[in-house]
Colleague: 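Below: one structure in structure tokens.
All chains are named by letter (A, B, ...) in the order of the sequence lines, taking the proteins before the strands, and each is independently numbered beginning at 1.
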Amino acid sequence: MRTFTKAIRDALAAETGIDASKLVIESPRDSKLGDFAFPCFVLAKTLKKAPPAIAGELEERVNARLDGIAAKATGPYLNFTVDRATLARGVIEEIDAAGDVYGESDEGADKTVVIDLSSPNIAKPMSVGHLRSTVIGAAIQRLHKRLGYRTVGINHIGDWGSQFGKLVAAVDRWGDTVDLDGDPIKSLLALYVRYHEEEANDPELVQAGRDAFKELESGEDGRVRATWRKLTELSLREFDKIYERLGVEFDLVRGEAFYEPFLDATVDRIVAANITEESEGALIVALDEFGDLPPCLLRKTDGTTLYATRDLAAVFHRWDEFKFHRCLYVVGGDQRLHFRQLKHVLTRMQLDWEPRMEHIDFGMLRLPGGKMSTREGRVVFLEDVLDRAAEEAQKIIAAKNPDLDASGEVAEQVGVGAVVFNDLKRERVKDIEFDWDEVLSFEGDTGPYVQYTHARLASIGRKAAAAGEGSGTPDWAALEDAAPILLAIGRYPDVLTAAARAAEPSQVTGFLIAFCREVNSWIAAARVLGQSEGVTGSRLRLVNASKSLIANALGILGLSAPQEM
RNA sequence: GCGCCCGUAGCUCAGCUGGAUAGAGCGUUCGCCUCCGGAGCGAAAGGUCACAGGUUCGAAUCCUGUCGGGCGUACCA
């Protein structure tokens, strides 16, 4: 496909004198106008002519330079249409040759991208809120991997901080009232909620919590640390069940505690940069020069560290270890200020790699009643969402495809796919109100719709193989009515590049939905089997190419592509 | 109060780096299984792109202000 756009650019460059790389080639508003468009407005000033006149003059001259591509002036645009047979053969041979890694590139060669994702908190259940960071981060990682980057996905577990003092205190006091080993997460949640209920009227409890965290941070390997270690292990085991269902793996699981040994050195490093000061008993980095921002606190009055200190320790450690090209923090938008502060600390330290640290923020997920709150017990558990979605898928399979083998497995793929896709389909920054009906919807702009399209294409492929059809010489010109599909396949590598750059998986979901709509329209109108040898041959090639593309994109998004459903 | 994010059809959202007549899905209404899977396809209805200015050949897109919603705002994470 890039061979077509390159030919157009070169021809235009030769005629206009503008550098080929600076020419903007876009898609026409209406596909009937052509496959590519060149808006002539940019030339109006230098040539001192009206854009439509320029387009008209360019038409003939550019046509003389092009072979297999027709240029036609329409108003102020010069539109290009690739010969249908050339387009079909070019695109399909390209994707066939690339196979499963179609869209890969070498733009990331020798570059490392660190992705901080998921990062659930120990002792808290994973809510549908944590799903966002996990699936968005995993998709961003796969995108970069496809583009040739070395990627390091780090699960930055929230296993440190004053809340663990509270939790240890709560376990000490009421641990025997719950079934910690049998149902660890729910037990810990109950203790956590109870702590917050009682702390207001119980100064001793508050003190016990503080003391416990202080001991934890002191490095003393006593009972507090043993309790903390046990809580961590229990929680991680529970999280792994979810990660397995989501098909997410991490290169490194490093909790905040991992960076604990580096905290002092981190503070020293910042102090050595001469940007710290003591204020109200705390050690801070002032940030007023950046628009009156609140300061970044490194040490509390009691000497213990904060979230920001640990994140700074982490980013230094990551820089030292990976010299990353990008370090992406897939963390909710409620922490925008936090990351701005961190970046400004780096700026004040005059570290030139500061821009490589990026906060990949995403909108908040809210319940109809308001924000989710673990403390108040107002959460929707991710496990329940996945379970219900899989059950729903199972019901639909029972109704529509009762003979399906391994239907339980497929129901899991479809149910989880629906949940994951739903979370990836809109622009990251948009807030989401959780809605069961939407999550459990399998029609329209959904993961199951895409999976279904894939399954139907697979079905056609199976039938063709059984009938021994489709192996003849393809009649490429017969794919004229499939031009939108072919152009979309051709555009896919650019979609991946743009989506990775913007760290925006919704660009892939959006592409995929539009693609499947085109494919479904086409297969409703163009029967594959039982046509002349050339027609069946070319159509089957397109069916297989489309199926391959859908599986490819679903893989990047983290969804399965079942052959039947 | 101040800062950041968001505001496009009844609902949920696209709209590529400022370009041609603002597009999908859901819902509503009407069609399509003797024909490769109806989780599908086709069609209709539905819009002051929150509002007001500005920038220019051209603005849903960029700038300023207003309104509405969300998030945050020194020792939680």
Colleague: Checking base pairs now: Watson-Crick or wobble, both atom distances under 3.5 Å. What partners C41(B)?
Modeller: G31(B)
Colleague: With a non-hydrogen cut-off below 4.0 angstrom, is Ala455(A) in contact with a base, only sugar-phosphate, or nothing?
Modeller: base
Colleague: Between Asp30(A) and Glu280(A), who's closer to the 5' end of RNA chain B by nearest nucleotide?
Modeller: Asp30(A)
Colleague: Where each residue is assigned the nucleotide of RNA chain B containing its nearest heavy atom, which of Arg310(A) and Arg462(A) is assigned the position nearer the 5′ end?
Modeller: Arg462(A)
Colleague: C13(B) pairs with which nucleotide, Watson-Crick or G-U wobble, both distances below 3.5 Å?
Modeller: G23(B)
Colleague: Which of these nucleotides, A24(B), C4(B), A77(B), is closest to any side-chain atom of Asn121(A)?
Modeller: A77(B)
Colleague: When you measure from the side chain of Tyr452(A), which nucleotide among U21(B), A77(B), G38(B) comes out closest?
Modeller: G38(B)
Colleague: From the list G40(B), U12(B), C36(B), which nucleotide is the closest neighbour of the side chain of Arg426(A)?
Modeller: U12(B)
Colleague: Classify the ring geometry between Phe511(A) and Phe515(A) as parallel (under 30°), tilted (30 to 60°) or perpendicular (over 60°).
Modeller: parallel
Colleague: NA contact type, Glu564(A), heavy-atom cut-off 4.0 Å: base, sugar-phosphate, or nothing?
Modeller: base
Colleague: For the side chain of Gln163(A), counting heavy atoms from C-beta on, which of G37(B), C76(B), C36(B) is nearest?
Modeller: C76(B)
Colleague: Taking the basic N atoms (NZ, or NE/NH1/NH2) and the acidic carboxylate oxygens, is any pair closer than 4.0 Å for Arg462(A) and Glu469(A)?
Modeller: no
Colleague: From A77(B), C36(B), C71(B), pick the nucleotide closest to the side chain of Ser162(A)?
Modeller: A77(B)
Colleague: Check Asp302(A) with Arg210(A), please: is the shortest side-chain N to carboxylate O separation under 4.0 Å?
Modeller: no
Colleague: CG of Asn422(A) to OG1 of Thr446(A): how many Å apart, nearest 0.5 Å?
Modeller: 9.0 Å
Colleague: Base, sugar-phosphate, or nothing for Ile513(A), non-hydrogen atoms under 4.0 angstrom?
Modeller: nothing
Colleague: Given that both distances must come in under 3.5 Å, which nucleotide forms a Watson-Crick or G-U wobble pair with U64(B)?
Modeller: A52(B)
Colleague: Using the C1' atom on both, measure G46(B) against A24(B) and round to a whole Å.
Modeller: 14 Å
Colleague: What's the closest nucleotide to the Leu306(A) side chain, out of A20(B), C71(B), C76(B)?
Modeller: C76(B)
Colleague: Both distances below 3.5 Å, Watson-Crick or wobble geometry, any strand: find the nucleotide opposite G3(B).
Modeller: C71(B)
Colleague: What is the nucleic acid contact for Ile523(A), judged by heavy atoms within less than 4.0 Å: base, sugar-phosphate only, or nothing?
Modeller: base
Colleague: Would you indicate which nucleotide in G42(B), A20(B), C71(B) comes nearest to any side-chain atom of Asp334(A)?
Modeller: C71(B)
Colleague: Regarding Glu391(A) and Lys395(A), does a basic nitrogen lie under 4.0 Å from an acidic carboxylate oxygen?
Modeller: no
Colleague: Go ahead and name the base partner of G47(B); Watson-Crick or wobble counts if both distances stay under 3.5 Å, otherwise write none.
Modeller: none
Colleague: Any base atoms under 4.0 Å from Leu529(A), or only sugar-phosphate, or nothing? Heavy atoms, all strands.
Modeller: base
Colleague: Among the nucleotides A74(B), G37(B), C41(B), which one has an atom lying closest to any side-chain atom of Ile284(A)?
Modeller: A74(B)
